[in-house]
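Since the structure comes first, as structure tokens, the remarks are kept for the end.
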Amino acid sequence: MNEDSLMHAPEFVIKPRSHTVWEKQCVRLHCTVSGWPDPRVVWYKNNVTIDPMARPGKYKLQSSYNVHSLQIDRCDFDDTAQYHVSAMNSSGELSTFASVVVKRFKGEVDETLPMPRHGIVSEYGITFETHIVDGFGVSFGREGETMSLGAMVIISPNLARYQPEVQWYRDDVLLQPSKWCQMHWSGDKATLTLTHLNKEDEGLYTLRITTKTKYETYSAYVFVRDADAEVEGAPGAPLDVTCQDANKDYVIVTWKQPAVDGGNSILGYFVDRCEVGTTHWSQCNDTPIKFARFPVTGLVEGRSYTFRVRAVNKSGMSRPSRTSEVVAAMDPADRARMRGTSAPWTGQIIVTEEEPAEGVVPGRPKELEVAEATKNYVVLSWKPPGERGHEGIMYYVEKCVSGTDSWQRVNTEIPVKSPRYALFDLAEGKAYRFRVRCCNSAGVSEPSEATEATTVGDKLDIPSAPGRVVPTRNTATSVVVSWEASRNAKELVGYYIEASIVGSKKFEPCNNKPVKTTRFICHGLVTGESYVFRVKALNAAGLSECSQESEAIEVKAAIASPTPPYGISILECVRDSMVLAWKQPTFIGGADITGYFVDYREVINGVPGKWHEANVKAVSDRAYRVSDLKENRKYQFQVRAANMAGVGIPSLPSETFICEEWTIAVPGPPHDLQVTEVRANTLVLLFKPPVYQGRDPVNGFYIDIKEADAEEEAWRGVNEKAISTNYMKIKILKEGETYVFRVRAQNKAGVGKASEPTEPVLAETKPGTTEIVVDIDDDGVISMNFACSNLTPDSKFVWSKNYKEITDETRITVATSGEKSKAIFNMPAEDDIGIYSCAVTHTNGESSSYTLSAEELRKLLEISHDHKFPIIPLKTELAVELQEKGRVRFWLQAEKISANGKIQYVFNDNTLSQGEKYKMNFNKETGVIEMIMESLLQEDEGTFTFQLQDGKATNQSSLVLIGEVFKQLQKESEFMCKEWHRKQGPHFVEYLSYEVTPECCVFLKCKVGNIKKETVALWYKDGREVKGDGNLTFTEGVLNLEIAQISKRDAGVYEIVMKDDRGKDTSTLNLTEQGFRDLMNEMFSHIAKSSTALKIQSTEEGIRLYSFVSYYNEALQVTWHHKDSAIAFTDRIKSGVVGEQLWLQITEPTEKDKGKYAIEFHDGKGGLKRTVELAGQAFDDAYAEFQRLKAAAIAERNRARVAGGLPDVVTIQELKALNLTCNISGDPVPEVVWLKNEREIVSDDHYIMKFESGKYASFTITTVNTTDSGKYSILVKNKYGTESADFTISVFSPDSKK
């Protein structure tokens, strides 16, 4: 049967029905679906696919035998919705609907739902003020990482249960929660988490907070760099993989080229696909394609797929791109019907059916055109005809080669449903025309108008290079780059911008996601460096050539007015004035703040008045007394900062303060807290004392600390005892933790109010952090040095003592040059003891400090004295060594000495000079000073001294050579002289020695040098020449004498003589007495190491233990042990050697023979033992085998045997007599039977058979005749066995022989 005849579209046999339930109840919708192939069923809530994994435990989906159900557990009010179920297979798709209404018991309120608004809301006149603070900055991430963006949101007034609308955008596109991005709103903080960064996530992110009256936004750019390539030099991953024109069996995949090519041009791209529900990726194209668009064919209708793309260059393959969205392989008409939006739900489901109409042949398709043409495929599109009846229509596509009229139908088997079709397998370079026909059950229409001739090939060109590139300063780490658009670019995707440090010739991408505008802000640049920029354009055909490089620009912040100050607080209040304090702006505009302006306004009955200036002239401190206020009136304040660019915008209005005199006894809050010298575990906190002292003067301060995100209760003290200084070094930080600090002042009355907390501070040592270095120059001048590589043009080094700026240069002189600054002590003394610090302005907190204590000052003064009155440092003192020919070398090495240094050589207070006896040398590069003497004579005993002078620096070193020290050195010198002369002819580099190999061969060997062809070597033993290896080679220089199987007769004194016309050398080896014993012991050690483990063997006599060795020598001494005692050998227990087997035989073993046995090999040292345990099961098994073998041996000895005497063949003449005799053995005496031709012979007058004395058997034929010819046997047997012997008798007559 044809399977196609069985296919039919899905049909709902039983449809789901609507339900009304109470809250917290469970509801189940179920249906029965038929269709072939088996339909795929999907459930929707308000046209949104239901995913059970999104809310585990809420939804349960089940399918069994074509029955499908959706269960909703613990219904709540949000579950009230319209639900529909869709069934789809390759033959069609069908949907049906049902509604669920969740009702609540009267009087119950769900606290999780928004409360009804009562009272005044925005519609009734409230204006909401929204402020986004602590926002996220420009962020950099790498593919595969997780990134979170967040900002604090302050909304006033703060109405309970009122929540604003929080939205996140990327490049002005609203983001929706997905597996790639997650949003969270805590009530005062909005957070966006990018769970797995890809280059698609790069862009401008905007947080939008919308209230009933207005909205506020905050934006920052996120850059995503490529992950490290799996293969060095491979390109970056492509991005933005999308699917277009999906049909039943194909889809067009598009992507964007990466900015990074790995240093080599990209050869092309590979497209991979993965069927939804599986994890297997398959490659769609065999060869790389260069066009950023590819039609993927061979899809299975009704199945869903995802796609990814990889780039390749000559170095290797890139990482895969982010996967595309899921796309289903189905007819576009079916997809459009599935994605169609529903009308607003009215609670009623109305199903209508059209009345069948008489079939009408459809008209021609209209407006046929070639929508897209490449060298790989052509896409056609058209519009349906006006005349098509009530039933659906499908299409046939036809083609013909231009210039002919031979039309060929393309889709002969299955017509298409959608008015769009892609043709593949067209010949590149050929021209084609196309036309389309409609069809339905009534017939096939006339063809449409044919298209113009279309040549198969790429119609899209790579864009031209962008025009002039202009960089402009922006911030300290960013530059604004603008350029002229690429001319006549078709289907432009965007631009990539690249930056290069001037002189490096290495360009790095500024963006990894193409931008469509002609202006871009390049972030992440190094302050102070100069950069050039270039731009590339791209479309699907590829990347353009690079634009011309821009002019170089130094990365430096453009000067702007400061941002507003913040954190306004009150330091003191009297009847007609208040002292304000505030915090410095977070951004000072790229220039020093020149001052602040304070405004105030009076607040009457909650209504603020007009602002008034408190100061006309700018104040430089961050504290100011506002005068001429009225007692018991309420005031608000605002502050503006100014720099050379102008006055910034004012701060937010402060809290409302009452102007009334403070009368409390304790001090007011300290102010102007600053954090400096931040490191991984320490920092320094600076502050100013309170303006309001209280009743008594301030006598100390307490520092408090807490983690930045901890509750207020987490504040804890740093110091138990009050400090008197206005600074403190805090040493209790944990690296990576963020902290805030505050200060409290005390007087006799107690501890006052705490200051405003600092900004959060991260405990970390920033890369490139440097410390103050103390240096003492050659003139003994002591200075403190600090270097900073992150300077800006406006940066200054500020030196302080005890954290007060040094302005008086009486004791300290400051000198600054470039990136380095030096503080020089003029006259170091006790008055200079203290803490010195250096801070660099207009940097990210570059600072360091150095504590000069009394002990440290003492050490520095000592070093300074050494520098003023220097000595020449020595790496080594004067030493002596012997050189070739016994020369004596006296030498030392100076650690530092100039080329002008002078040396004086002294012996026993007498100055030595260069001559035949003394050779002096001074290497000024290495500082090595030496004096060489050819030999030592008796008059050379005494003291040698080297005296050094280099400018004002001096030093000397002496060496005493008298007594035994001198005699020993003289003796060694003479010996080395003799050795040198010996080595002028053939000589021994290594003297004669022996080597025992693991195979127990003994080699006498020596190594010789300085030989030639005429050199001969003679071997001697005990004065007699022996034959050895006399052939010398210039490459090896090794002589050997092999003693294969050594024995006592090989003991003796061995000698080898080397000689030629230049001289001779002799080497002797004594192998007698102890020397021979040592050699044999070394051989015994090799034998012992080669021995195998002891093994147990049963024999007919008893049990044998044995071990094999690789070689046996008769001099080898071994000892057998039983239970750790040496065995005394008897007739019953014996040992011996057979070949390389050493054995111990135990005859007739008994229970006493059980135990641990060992064989010990003696080698004159520790020896070696091999052991075996003959007990338990091992003994039982061996003993049983012994009994068996013993019984078998007895049986073998006593069984019946025919010992011999019988011939194989007997030839005899007729009428003669024949007598044969053989020996018989066996115990008991065997039975004897004679056979002829396998039949027993009975003794009679013709055959006479005898068995005498149990040993002799005879067989006699009295008169032989021809009938006696045949095969005869004798068979003997007893209880131990049977044996037979055969012979043949051949009888002949005299006549026949003639």
Side-chain angles (χ1 to χ4, degrees), residues 171 199 202-203 226 235-242 244 252-269 288-294 309 311-314 318 370-379 428-429 454-472 479-500 502 505-522 531-553:
D171 296 332
K199 288 181 288 191
E202 183 171 292
D226 283 286
L239 65 155
D240 283 343
V241 179
T242 57
Q244 300 176 356
I252 296 177
V253 179
T254 65
W255 60 90
K256 294 176 183 175
Q257 300 92 332
V260 177
D261 60 10
N264 295 298
S265 299
I266 294 177
L267 302 177
Y269 302 88
I289 54 171
K290 301 205 71 170
F291 210 74
R293 185 183 298 144
F294 182 71
V309 181
V312 64
N313 63 10
K314 70 177 185 179
S318 75
V370 177
E372 183 176 359
T374 71
K375 65 181 180 181
N376 301 109
Y377 60 92
V378 170
V379 178
E428 184 178 357
T454 301
T455 302
V456 177
D458 290 333
K459 305 301 181 183
L460 186 64
D461 295 326
I462 294 176
S464 61
R468 181 168 175 261
V469 181
V470 179
T472 309
V479 168
V480 178
V481 179
S482 57
W483 60 90
E484 295 178 2
S486 181
R487 296 182 179 180
N488 302 322
K490 295 182 180 179
E491 299 182 23
L492 185 68
V493 173
Y495 298 92
Y496 282 127
I497 303 93
E498 296 179 343
S500 172
V502 173
K505 297 183 179 180
K506 181 180 180 182
F507 280 87
E508 297 289 344
C510 297
N511 61 317
N512 278 294
K513 183 179 179 180
V515 294
K516 294 186 176 181
T517 61
T518 57
R519 181 181 181 274
F520 186 72
I521 301 177
C522 299
Y531 287 83
V532 293
F533 299 87
R534 67 187 187 188
V535 184
K536 293 186 288 188
L538 73 153
N539 61 10
L543 275 72
S544 73
E545 296 291 330
C546 294
S547 68
Q548 293 292 323
E549 294 181 7
S550 70
E551 294 183 357
I553 185 172

Between E484 and R468, is the closest basic N to carboxylate O distance under 4.0 Å? no
Steps toward side chain to side chain contact (heavy atoms under 4.5 Å, CB included) verdict (V479, I553): CA-CA 9 Å; V479 168; I553 185 172; 4.3 Å; yes
Check: [X] side chain, [Y] main-chain N or O, donor-acceptor pair, under 3.5 Å:
X: N539; Y: L460; value: no
X: S547; Y: R534; value: no
X: T518; Y: A485; value: no

Between W483 and I497, is the side chain to side chain contact (heavy atoms under 4.5 Å, CB included) condition met? List the steps. CA-CA 10 Å; W483 60 90; I497 303 93; 3.7 Å; yes
Apply salt bridge (Lys or Arg N to Asp or Glu O under 4.0 Å) to the pair K536 and E498, showing each step before the final yes or no. CA-CA 8 Å; K536 293 186 288 188; E498 296 179 343; 3.2 Å; yes
Step through the shown structure and confirm whether more than 12 heavy atoms of other residues, nucleotides or ligands are within 6.0 Å of CD on E551. no
Taking CD in Q548 as the centre, count heavy atoms belonging to other residues, nucleotides or ligands within less than 6.0 Å. Is the count above 12?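 No.
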May I ask you to test the [X]-[Y] pair for a side-chain heavy-atom distance under 4.5 Å?
X: L538; Y: P514; result: yes
X: E202; Y: N511; result: yes
X: F520; Y: V535; result: no
X: Y496; Y: N512; result: no
X: I462; Y: L543; result: no
X: V481; Y: T472; result: no
X: V379; Y: V370; result: no
X: V312; Y: I266; result: no

Looking only at heavy atoms, which two atoms of [X] and [Y] are closest? And how far apart?
X: V309; Y: V253; value: CG2-CG1, 4.5 Å
X: S486; Y: Y495; value: N-OH, 3.1 Å
X: N313; Y: G262; value: ND2-CA, 4.3 Å
X: A259; Y: P509; value: CB-CB, 4.1 Å
X: S544; Y: P466; value: OG-CD, 3.8 Å
X: P238; Y: S318; value: CD-OG, 3.9 Å

Working to the nearest 0.5 Å, report the span between [atom1] of [X] and [atom2] of [Y].
X: I289; Y: T374; atom1: CD1; atom2: OG1; result: 9.5 Å
X: E545; Y: S464; atom1: CD; atom2: OG; result: 10.5 Å
X: F294; Y: T254; atom1: CZ; atom2: OG1; result: 13.0 Å

Between V480 and V470, does a side chain to side chain contact (heavy atoms under 4.5 Å, CB included) hold up when you go through it step by step? CA-CA 8 Å; V480 178; V470 179; over 6 Å; no
I'd like a table of donor-acceptor pairs (distance under 3.5 Å, sequence neighbours excluded) in which one partner is a side-chain atom from residues 487-494, with atom names and distances.
| unit_1 | atom_1 | unit_2 | atom_2 | d |
| --- | --- | --- | --- | --- |
| E491 | OE1 | R293 | NH2 | 3.2 |

Answer yes if the side chains of Y269 and Q257 hold a donor-acceptor pair under 3.5 Å, and no otherwise. no
Which residue, V241, D240, T242, forms the side chain to side chain contact (heavy atoms under 4.5 Å, CB included) with K256? D240
Kindly write out the residues that satisfy ring pair (Phe, Tyr, Trp, His ring centres under 6.0 Å) with Y531, not counting sequence neighbours, or none if the list is empty.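 Residues passing ring pair (Phe, Tyr, Trp, His ring centres under 6.0 Å) with Y531: none at all.
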Start with the C-alpha distance between K513 and D171, add both sets of side-chain angles, then the distance that settles salt bridge (Lys or Arg N to Asp or Glu O under 4.0 Å), and finish with yes or no. CA-CA 11 Å; K513 183 179 179 180; D171 296 332; 3.8 Å; yes
Can you list the steps and then say if F533 with C522 is a side chain to side chain contact (heavy atoms under 4.5 Å, CB included)? CA-CA 10 Å; F533 299 87; C522 299; 4.1 Å; yes
